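Encoded as structure tokens, the structure appears first; notes follow it.
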Amino acid sequence: MSNESRYDVVVIGAGNAGLMASCRASKMGLKTLCIEKHNLEGGAAQSFVRGRFEFEATLHEIPDFGDGELRGLLGHLFDDLGIEVEWYPIHDAFRYVVAEGSDIKMDVTVPHGRKEFLDYMEEICPGSRESCEMFFDASVVLNEGMEYIGKSRGRFDIEELKKTHPVLIKLLGLSVREFMNEIKMPQKVVDIISAYWPYQGVDIETVDACRFILMASSYFLGGAYMPKYRSHEIVAAIQKKAREYGADFWFNTEVVSIGTKNGAVCSVTTADGRTVETCAVIANVFPDIVYGKMLDNKSLIPEFELKKVNARSYGFRTVSVYLGLDASPEELGIKDYTVFINSTTDTKKLFEKTQQPDVLADGDADNITCTCINIINPEASPEGTSIFAIVYPYMTEAWGSVKPEEYAKVKSRIADQLIARYEQVMGVDLRSHIEEIEVATPVTFARYMGTPQGTCYGYYASGWDGMAARTLAGVKEMSVPGLFFVGAHGNRLSGFLPTYNDGDITGKQVMGYVMGGGKR
């Protein structure tokens, strides 16, 4: 452990975004310290072992790691930083099954690749090719506009942006539904593409078009990937590279206070009494916690920041059921890596269901995402076995009303409900082959990640607080001078790809702040 008492930047939290910010800042020459209260890096990027199975805690898939012309922005970012991870490509985008009870209304398996996607959609929905082309073309426009905003480090000229990126300006004000109506996309194609909506944590009537187009295009065009050794392989590789660039890491250490002087950040203090001087802090921690518990002078918090935090609500919390099965996917009849299962294609109704007070009651589960990692990585578990996971999201803080003495019973019932729903729709017997089972609820995630109410999705991405709004605000709505935020609650919102990008962009912004002399 370094004994140094002053750093250019201190990063609080070694989650995905905090690690990437540490890596970028240290690569640019900033003296960087990352402090993490857990005993290892990663945050949500973790795996755990039960019996002879190692389960992935959160990651389903990540886009942008194609080769050659298909290499995406995240792939280029990892190349630039020299981060090396062994990836397995995922063959299809997803299978989407819509069923009322056991009555199948839709069952489609969507391929990766622009040509493959266009051909498939044209086959099942003749006349859809032009609108699908427009959908993908919009992602190019958005990436160019976001690159311009990123290079300006938040100090872009709005008039110049209107002149050079007029289509971007128009897209910034549209929801996904409004955009799809603009390009006259057939409803069947809208329904299929919208299967990705749970990755956004909000229905297509609400989520801003920019975020959805960028996310969906990344998956469909460049394909999706999983690291060979679970998501912790990624964060371990990022930390390794950050150390090579000179970053220091303190684990098993909690930051309890962010000090200020002359109206700006000047230090952090840990629970064991150490104080580190710095002019910049990157917090991979929710603003609620930083403002409410860590900042020593709350009078410095701008009024609009307090109003913004108070106006926000938390995004998706989830129940995840992890199954270690004593048979191979072939023996079980499991053919797909990812299956989305719903009772309707109406994302607004599906989203509203996650908000119902009785969301924990018995009934057919909607919005479930099922993955079998052995489909893409046969060596993920011992020969003749399978790892299977089912994820079920909530918007309401339903678990807060569960009495401690009823907790185990309720989570077991929910797990049974999710397993039964998959078996009912897919006709696969999971139950008789369960060797290991672990159930994680929002309470679990809150305990291990320290996020409010166990949210994995940061703040709810409402229209006024979506990616477009947060990106345009950028450093124009800076908090206390020298204080920066990254993570699922940051400008790029939740997900592995957005948080890595957010950490990288913020690392660059901090470089400008530090080199500019700090407070401004």
Side-chain angles (χ1 to χ4, degrees), residues 16 40-63 65 84-95 97 109 112 223-237 318-341 368-392 411-412 414-441 444-445 448 456 496:
N16 285 327
L40 75 171
E41 72 284 348
Q46 300 291 345
S47 62
F48 61 92
V49 175
R50 295 291 183 271
R52 55 183 179 150
F53 299 93
E54 181 180 355
F55 297 100
E56 164 59 45
T58 61
L59 180 61
H60 300 146
E61 56 191 356
I62 188 168
F65 284 100
E84 297 181 357
V85 176
E86 188 171 355
W87 299 100
Y88 277 102
I90 297 171
H91 311 303
D92 294 312
F94 56 76
R95 183 174 178 182
V97 182
T109 300
H112 286 302
Y225 298 81
M226 271 292 288
K228 181 177 182 179
Y229 298 110
R230 316 300 190 274
S231 62
H232 199 262
E233 178 184 3
I234 310 174
V235 291
T318 68
V319 166
S320 296
V321 180
Y322 308 97
L323 302 175
L325 307 172
D326 66 4
S328 68
E330 293 77 17
E331 292 170 319
L332 294 165
I334 297 173
K335 300 177 181 178
D336 309 285
Y337 173 69
T338 299
V339 180
F340 297 121
I341 298 176
I368 69 172
T369 302
C370 312
T371 55
C372 180
I373 195 171
N374 300 77
I375 296 296
I376 60 164
N377 180 2
E379 298 177 354
S381 63
E383 186 175 354
T385 68
S386 305
I387 293 177
F388 195 84
I390 308 174
V391 177
Y392 186 36
K411 78 171 188 176
S412 294
I414 296 296
D416 184 69
Q417 179 182 336
L418 296 177
I419 293 168
R421 178 61 169 154
Y422 178 83
E423 291 180 326
Q424 175 191 43
V425 173
M426 303 305 294
V428 173
D429 175 19
L430 298 177
R431 202 174 304 268
S432 345
H433 296 279
I434 298 174
E435 180 179 323
E436 297 286 345
I437 181 169
E438 187 65 60
V439 184
T441 72
T444 315
F445 288 106
Y448 283 97
C456 306
F496 278 67

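Note that this is a predicted model, so its numbers are computed, not measured.
- The environment of Glu84 atom CD is sparse: at most 12 non-hydrogen atoms of other residues, nucleotides or ligands sit within 6.0 angstrom.
- Using modelled atom types, no side-chain atom of Tyr229 and backbone atom of Val85 make a donor-acceptor pair closer than 3.5 Å.
- Atom CH2 of Trp87 is separated from atom CD1 of Ile376 by 10.5 Å, given to the nearest 0.5 angstrom.
- Here Leu418 contributes atom CG and Ser320 contributes atom OG; the two are 9.5 Å apart, rounded to the nearest 0.5 Å.
- Not a single donor-acceptor pair under 3.5 Å links the side chain of Lys411 to the backbone N or O of Thr441.
- Of all heavy-atom pairs between Glu423 and Arg431, the closest is OE2-N, 2.8 Å.
- By the 4.5 Å heavy-atom criterion applied to side chains, His232 and Glu41 are counted as neighbours.
- Atom-to-atom distance recorded for Ile62:CD1 and Asn16:CG is 7.5 Å, nearest 0.5 angstrom.
- Asn374 is not listed as a side-chain neighbour of Ser328, based on a closest heavy-atom distance of 4.5 Å or more.
- Across all non-hydrogen atoms, the minimal contact from Tyr422 to Ile368 is N-CD1, 4.5 Å.
- Applying the side chain to side chain contact (heavy atoms under 4.5 Å, CB included) rule to Cys456 yields the partners Thr318, Phe445; only residues at least two apart in sequence or on another chain are considered.
- Residue pairs meeting the salt bridge (Lys or Arg N to Asp or Glu O under 4.0 Å) criterion with at least one partner in residues 52-63, sequence neighbours excluded, are Arg52-Glu435.
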Listing, residues 384-392 side-chain donor-acceptor contacts under 3.5 Å, not counting sequence neighbours, or none:
residue, atom, partner, partner atom, Å
Thr385, OG1, Ser381, OG, 2.7
Thr385, OG1, Pro382, O, 2.5
Ser386, OG, Ala327, O, 2.6

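- Heavy atoms only, all atoms of each residue included: Gly333 and Val428 are closest at O-CG2, 3.9 Å.
- Within the structure, the salt bridge (Lys or Arg N to Asp or Glu O under 4.0 Å) test picks out the following pairs touching residues 324-340 (sequence neighbours left out): Arg95-Asp336.
- No donor-acceptor distance shorter than 3.5 angstrom exists from the side chain of His60 to the backbone of Met226, with no hydrogens or angles considered.
- Listed for the Glu438 side chain is no donor-acceptor partner under 3.5 Å among the backbone atoms of Arg50.
- Met426 is not listed as a side-chain neighbour of Ile334, based on a closest heavy-atom distance of 4.5 Å or more.
- Nearest heavy atoms, Ala44 versus Thr58: O-OG1, 2.7 Å.
- Every residue two or more places apart in sequence or in another chain that forms a side chain to side chain contact (heavy atoms under 4.5 Å, CB included) with Lys228 is listed here: Glu86, Tyr88, Glu233, Asn377, Glu379.
- Rounding to the nearest 0.5 Å gives a distance of 8.0 Å between SG of Cys372 and CG of Leu332.
- Checked against ring pair (Phe, Tyr, Trp, His ring centres under 6.0 Å), Phe48 has the following partners two or more places apart in sequence or in another chain: Phe55, Tyr322.
- Note: Leu323 CG to His433 NE2 = 12.0 Å, rounded to the nearest 0.5 Å.
- To the nearest 0.5 Å, atom CD1 of residue Ile437 and atom CD1 of residue Ile419 are 4.0 Å apart.
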